There are 2 protein chains.
Amino acid sequence: MDTHLRDLRYFVATAEELNFTRAAERLFVSQPALSKQIRQLEEGLRTRLFDRDRRAVELTAAGAALLPAAREVIRCWDEAQRAVGDAVAAEAASLRVGLSTSVGRGLLQRAREGYAVRRPNGRLQIRQIDWDDATAGLAEGRVDVALVWLPIPNQDAFATRVVATEPRCVVVREDHALAGRSEVAFAELLDEPFLALPAAAGPLRDYWLAIDHRDGRPVRVGATVSNADETFAAVEEGSGIVLIAAGNAAIYQRPGTVAIPVSGLTPSELALAWRADDHRGTVRDFVETL
Amino acid sequence: MDTHLRDLRYFVATAEELNFTRAAERLFVSQPALSKQIRQLEEGLRTRLFDRDRRAVELTAAGAALLPAAREVIRCWDEAQRAVGDAVAAEAASLRVGLSTSVGRGLLQRAREGYAVRRPNGRLQIRQIDWDDATAGLAEGRVDVALVWLPIPNQDAFATRVVATEPRCVVVREDHALAGRSEVAFAELLDEPFLALPAAAGPLRDYWLAIDHRDGRPVRVGATVSNADETFAAVEEGSGIVLIAAGNAAIYQRPGTVAIPVSGLTPSELALAWRADDHRGTVRDFVETL
DNA sequence: CGTGTCCATAGCCTTTGGTTATCACAGCCG
DNA sequence: CGGCTGTGATAACCAAAGGCTATGGACACG
């Protein structure tokens with residue numbers, strides 16, 4: 001048998017007052033309503049809780065047993081409500097950060113610390129997002145801010161702040177003809193098969209294929225990859241070569257692959273992005289932290 | 001904001017299944033009913049508890065915070081119900097014993113021990129009852145068994161078992177003319193003012209005034225007394241003298257008063273009594289104990 | 001012997017909790 | 001592609017719960 005928590009409060013008030021009329025006043029209900037609820041509680045528990053002796057109301061043994069237990073249930077429920085409230089507050093102060101690759105560069109660590117100062121109750125929740133969404137989850141609303149490589153699709157919808165500008169490298173298998181070189185010109189790569197981002201990545205796919213450095217010559221796509229793991233696996237497999245940012249070359253050093261600086265390309269831009277119509281304080285705090 | 005404990009069970013079931021349809025089945029309610037109650041819980045807490053993403057249901061941060069807390073509330077309530085159940089069981093095994101005077105004679109101690117063997121969960125609750133009710137609470141249902149002096153009013157309604165038969169004494173003030181005597185004949189007391197029980201005590205009042213040893217001569221009533229304390233206070237005050245059982249003379253030795261054995265009276269009978277229509281095992285156990 | 005206090009009951013209305021039927025949407029399979 | 005299936009939301013409806021006001025009956029008190 002379950003009961004409404006309100007009825008437990010009714011019971012406790014009545015047990016404290018030992019007077020239905022006064023208890024009803026304290027509870028802001030009519031006396032008959034209180035009587036009825038107490039009776040119902042008694043029926044549910046299959047025992048009387050009060051002896052309504054003529055003139056005096058007093059607790060039965062069962063009522064005396066229930067009183068501390070009921071107080072405990074109420075305390076426990078109040079505690080539960082507090083826990084929910086805390087969780088809501090913490091979430092309101094938290095931000096979901098979208099990433100497509102590891103960022104490195106000490107960025108995340110600094111962001112965490114800086115944000116913790118501004119929002120002591122908040123947390124940064126990091127989400128790895130595949131390249132099917134070049135906005136790293138921003139577009140679908142899965143994150144609040146993201147670290148993305150420019151350009152991104154529908155860029156007008158987002159505000160961006162460039163946080164790093166780096167030359168590009170090419171990653172080749174260690175037995176590739178160029179593997180020993182300390183630098184290559186992009187022109188030397190034009191006939192190589194390239195790994196490509198998914199079509200959904202839009203302009204970002206073109207960017208990492210360096211379409212506008214090819215003078216209209218078609219690109220050979222060796223495979224399509226959706227994240228960093230797939231990319232390096234594909235290079236090792238010999239499916240093709242791939243351009244990456246110099247910073248990422250330092251982070252991702254995989255045995256069996258070699259990264260070589262490439263000349264003749266515009267540098268890549270890593271940017272912090274958020275929805276242009278998102279004016280929440282938490283977002284601004286995060287942006288200012290970086 | 002308070003909620004029905006049932007709704008917490010609904011929430012827990014849904015959080016465990018992460019599927020409204022299955023949770024509703026487990027709870028033996030329809031799925032719309034479950035949906036509605038969960039929504040109402042969410043409104044009460046002013047936060048969403050589940051993310052009903054298309055295809056998947058999962059807990060929000062608030063929901064995750066509520067889950068253990070809700071389990072705790074439910075556990076706590078189950079505990080409260082158990083406490084009430086225990087109290088009811090204990091009371092069912094307990095007996096209220098009515099007394100009008102101290103009983104002494106080691107009776108109560110033996111009764112307690114014997115009863116504890118038969119009803120380990122039960123207890124004897126002793127109630128002192130004034131002589132306004134010569135049945136020591138039996139008539140009004142305030143006790144289950146009583147130790148009474150015979151005769152009692154409406155004696156057919158009760159079953160009795162005599163536990164002690166004792167000669168009677170008279171209690172006088174220490175400066176009374178008879179105070180030095182080692183025994184007196186009742187005939188010597190006929191002109192003394194007597195303390196009387198309340199009229200409601202009926203035949204018992206007559207008995208302790210020894211009406212049927214007076215050959216129709218009227219009794220002088222010095223005062224009416226309702227319990228042992230009043231009786232001795234009245235004797236000390238000089239309001240009158242009073243007959244008591246020899247056993248009680250031993251128990252109640254008050255400075256300023258003297259008890260003297262009286263000859264020429266029928267002996268008094270202390271009896272265990274219970275309602276004739278009360279066939280409960282607890283009552284029988286108690287009777288057999290004595 | 002009124003009068004006031006206090007709990008219970010009765011009659012009525014609104015809200016709540018439940019039902020069935022149906023819709024909208026996603027995924028799956030042929 | 002089109003129909004089937006599984007899932008949650010919605011609508012319409014009904015019974016029960018929970019509230020109120022008015023009233024009754026028992027008792028204490030002056």
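Here is how names work: the chains are called A, B, and so on, in the same order as the sequence lines, proteins then strands, and each is numbered from 1. Since this is a predicted model, take the numbers as computed values, not measurements.
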Taking atom P of D:dG19 as reference, at what distance in whole Å does atom NE2 of A:H4 sit?
9 Å

Side-chain (B:E79) to main-chain (B:R75) donor-acceptor, under 3.5 angstrom:
no

Atom-pair distance (CD1 on B:I38; C1' on D:dG8), nearest Å
13 Å

Answer yes or no: is there an ion pair linking B:R22 with B:E25, defined by an N-O contact shorter than 4.0 Å?
no

Rounded to whole Å, the CD-C1' distance (A:E25 to D:dC20) equals 15 Å

From C-beta outward on A:P32, which listed nucleotide comes closest to its side chain: C:dC6, D:dA22, C:dT20?
D:dA22

Gap between atoms CD and C1', on A:E42 and C:dA8 respectively (whole Å)
13 Å

So, does A:Q37 get its side chain near the phosphate of D:dG18, meaning an N or O under 4.0 Å from OP1 or OP2?
yes

Just to be sure I understand the rule, does B:S30 reach a base, reach only the sugar-phosphate, or reach nothing, if contact means heavy atoms closer than 4.0 Å?
base

From D:dT7, D:dG19, C:dG18, nucleotide with atom closest to B:N19 side chain:
D:dT7

From the list C:dA21, C:dG18, D:dG18, which nucleotide is the closest neighbour of the side chain of B:A33?
C:dG18

Do any side-chain nitrogens or oxygens of B:R39 fall under 4.0 Å of OP1 or OP2 in C:dT16?
no

Is the closest basic N to carboxylate O distance between B:R9 and B:D78 below 4.0 Å?
yes

With a 4.0 Å cut-off, would you call B:E58 and B:R48 a salt bridge?
no

Rounded off to whole Å, could you give me the CZ-to-C1' distance for the A:R26 and C:dC6 pair?
18 Å

Electrostatic pair B:R123:B:E91 at N-O distance under 4.0 angstrom
no

When you measure from the side-chain N and O atoms of A:T21 to the phosphate of C:dC7, is any distance below 4.0 Å, counting only OP1 and OP2?
yes

Measure from the side-chain heavy atoms of B:K36 and tell me the nearest of C:dA8, D:dG8, C:dG18.
C:dG18

What's the CG-C1' distance between B:L41 and C:dT16, to the nearest Å?
15 Å

Rounded to whole Å, please give me the gap between CG in A:D51 and P in C:dC6.
18 Å

Most 5' of A:R6 and B:L18 on DNA chain D, judged by nearest nucleotide:
B:L18

So, is A:R52 close to the C:dC6 phosphate, meaning a side-chain N or O under 4.0 Å from OP1 or OP2?
no

Look at the side chain of A:Y10 and decide which nucleotide, out of D:dC20, D:dG19, C:dC6, has an atom nearest to it.
D:dG19

Measure CG/B:D2 against P/D:dG18 and give the value in whole Å, please.
13 Å

More 5' along DNA chain C: B:Q40 or A:S35, using each one's nearest nucleotide?
A:S35

